[in-house]
Novice: 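Starting off with a structure, shown below.
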Amino acid sequence: MLVKPGLVIKWWGLDANMPVDGNLLAGIDLSQFNEAEQGKILENLYQRLEDRVGRQVEAIVPDTKFDEFETLIDSMDEKKLSQWLDVNVPDYDDIVQKTLDQLKQEVTANPTSFLEPEPEVASDDDILE
Amino acid sequence: MSETLKPSPSSEVTAWNMGSDLLYNNSTAPNLTPKLTTETAKPGTPPIEAANSTPALTSEGLPPTNTQEQTTTPMPELAAAVSTEATNLNPVITTEAPVTAPVEVTSPISKASVAKTPVIKPEAPVSLPEVSSVSSNDWERIDQEATAHFDLIDDPTRVTKLRTELDVFMQETEMAMQKQLVELGLAETAGSSQKMLESLNQAKAKKIAEMVATAYPYVEDDGFMARRRTNSTKESLAKILNMDPSQYVSLLEDWKRYKIDKIHGEALQDDKKYNIGSEKRASKREIHTAQKEYGLVLDQLSRLPLDKERGGQVDLVLKEYTDRLGKAETSNGNLIDANSLKEVSQQQALTELQEHLRQRYQLEGLKPRKIEARLRSDVPVLETWLAHIKPNMDPLSDLQHFENQRNKELMLTAKRQRAMEYIGSSLLADSLRNALGYEKPKPKSRFNLKEVFKRGVDHSNSRSKAGAEALKYPDKTGNYLGRVMTHLEMAKNLSRNEGVLMRSMIYLTALDRGLSEAAVAAWDKTSKEKKKKSRKQFSLGMAVTAMALARLNSKSISTGRRVNTSPYARQAWSGNQMVGARR
């Protein structure tokens, strides 16, 4: 089913009858799932996005710079944070966009696998036992 | 075969001491400590009840900038309570605009105008599940049991296993003895059952001794104190193994309460000591009664800068007013109708109070135009108040009582929220159910450090939900970004309190996974570099994703709007098939 501009949608109980006016998930077809499942899939997609981006960026940012980042958090200033990222992770938009594109392909190929959180892919370094 | 049990370590990880750790380690975090004044604390009430004051938290969690004199007492355990996810759920506390319930004014004079007064509606406070039906006597008993058993033995599930093992052994022994007696032809002999009972008791005692020795073996290197503790633990286990089933079930219930109480930390510990739940309910009742008595305007009244001191201007005005009301009532309406006298009297009191407020506003440095506007908006509140005052009332004292109860209720609520902030009561409840309810999940031998951060910062996955929402609805990015900023701060707080908060989180996650305390030891052994790496991945992942999505969404919105108005709009949206969801 195609979505026409201005079509009013409902999604996992949200009241906002907001027209589809451009979103980052264009192209994903989850019509075979009910609303709750769609919500779960998107939640897990987002979580995987955050995880994967975190792994990539962690390798780029040196520890000293991360200390600076944590100090910046105290200010709770989105602008400063954005500026800091511009300087220290200059291509972060691309990283997120590419990772999101990759995830969109994955979810299109196998949406059911997104009903559950991603199996742990961390190295032994990250594991407590 | 009996398992080897470990005595509960003396430095057992619990969540309840995290407050003090936060105080000492969180030096660079914003000062979120609510301040309490100490005016008229009642004996026998919790320390925070001395907080008969105006709450001193601003919406930013910083001390207010007004110059109202206060004797302040910092409340360290609340230091970390505000700047977290749950702050969104908390009522915003400010000295200028205290949290109020929606006001319904009964006085016909002022109903319309009071309804226009902006009112901050508090959202339902989130509170920890209460330990129900536990009286102070129960807690006394539980405390005694804790000293005798719970603090010595780490895991009740293993004790249950040992008891089951003992039961099986006793049944087998009894059957074997009966068989032997039958074979010897002594089954019907007088005194045989007594002899068998004695033998069974001996066998039981022997078996218990064996089990206890296996469960808690002495360690060669143990010093005097360690051996003494092992002896106490052995003694405790022997007693529990020997207990009647009904007695054991009751002990297990207490054990559960004790564990819940211990892990829920100070919040419930204070519940136990000071009956916070009932105190809160009592405060609410008092607030409601007082509000009702004075036309539901006490909350608004308490925001006015009235001089509430005994012998102060307001006190004098009100005394004269109540005197006049009394006289009007006894005048029998000989000369002037009593109601007319009351109306005039009320008008006079109103004028005097307005004059008093005018002076107060002038002292605050307000401009004349603003003063007049304020005075106008104060009229309905003052009128309603005066209209509800009866000659036998002490309105100023009632107002102070109302304020005290309201502040007390707010502080008690904040106190309870604190434990929930970092741990999350649902997580606890699940973990404890698993740990104590003998329905452990499939043990998983390993878990990711990052998972611990995730649980600590956002056990309800609210960020993932908001993130998914931002992916789907570009216009929702603002809400999502705000949540990410809050979670970044929480992650930082967790990392700064690795000693206690993170250990508590590890402990809870481990409980959830059936790993018990081994994981805490693993955490302690984990290198700083490894911990930092995990934290980096978690925090940077959050921040970078959020900032990038915000940008991409802003582009998406502008592009979307442009395309939407172009002849190619339909093509542009043809790829989006998300909403064809099965209804």
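Chain identifiers are assigned alphabetically (A, B, ...) following the order of the sequence lines, protein sequences preceding nucleic acid strands; residue numbering begins at 1 within each chain. Atoms considered below: every heavy atom in the structure, side chains included; atoms not considered: hydrogens, waters and symmetry mates.
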Novice: Looking at A:Leu81, A:Asn44, A:Ile41, which makes the most heavy-atom pairs under 4.5 Å with chain B?
Specialist: A:Leu81
Novice: So, does B:Lys536 use its side chain to make a donor-acceptor pair with the main chain of A:Val61 at under 3.5 Å?
Specialist: yes
Novice: Has the side chain of B:Thr477 got a donor or acceptor atom that lies under 3.5 Å from a matching backbone atom of B:Pro474?
Specialist: yes
Novice: Using a 4.5 Å heavy-atom cutoff, which residues in residues 94-105 of chain A come close to chain B?
Specialist: A:Val96, A:Gln97, A:Leu100
Novice: Before accepting this row, confirm whether a basic side-chain N of the pair A:Lys40/A:Glu37 lies closer than 4.0 Å to the acidic partner's carboxylate O.
Specialist: no
Novice: Does a side chain donor of either A:Gln47 or B:Ser464 reach within less than 3.5 Å of an acceptor in the other side chain?
Specialist: yes
Novice: Using 0.5 Å steps for rounding, measure from the CD atom of A:Glu70 to the CD atom of B:Glu489.
Specialist: 11.5 Å
Novice: Does B:Met547 reach the side chain of B:Leu481, with side-chain heavy atoms less than 4.5 Å apart?
Specialist: yes
Novice: Is it the side chain or the backbone of A:Tyr92 that comes within 4.5 Å of chain B heavy atoms, both, or neither?
Specialist: both
Novice: Just so I know, are the side chains of B:Val544 and A:Gln56 near enough to count as touching, which here means a heavy-atom distance under 4.5 Å?
Specialist: no
Novice: Would you find a donor on one side and an acceptor on the other, under 3.5 Å apart, between the side chain of A:Gln38 and the backbone of A:Leu30?
Specialist: yes
Novice: One thing to verify: whether A:Arg55 and A:Glu58 come together as a salt bridge, which I'm taking to mean a side-chain N less than 4.0 angstrom from a carboxylate O.
Specialist: no
Novice: Would you mind reporting whether B:Leu540 and A:Lys65 have side-chain heavy atoms less than 4.5 Å apart?
Specialist: no
Novice: Heavy-atom pairs under 4.5 Å with chain A - which of B:Ala548, B:Ala491, B:Gly482, B:Ala543 has more of them than the others?
Specialist: B:Ala548
Novice: Which residues in residues 83-91 of chain A have a heavy atom less than 4.5 Å from any heavy atom of chain B?
Specialist: A:Trp84, A:Leu85, A:Asp86
Novice: Which one, A:Leu45, A:Thr71, A:Asp63, leads in non-hydrogen pairs under 4.5 Å with chain B?
Specialist: A:Asp63
Novice: Ring centroid separation for B:Tyr480 and A:Tyr46, is it under 6.0 angstrom?
Specialist: yes
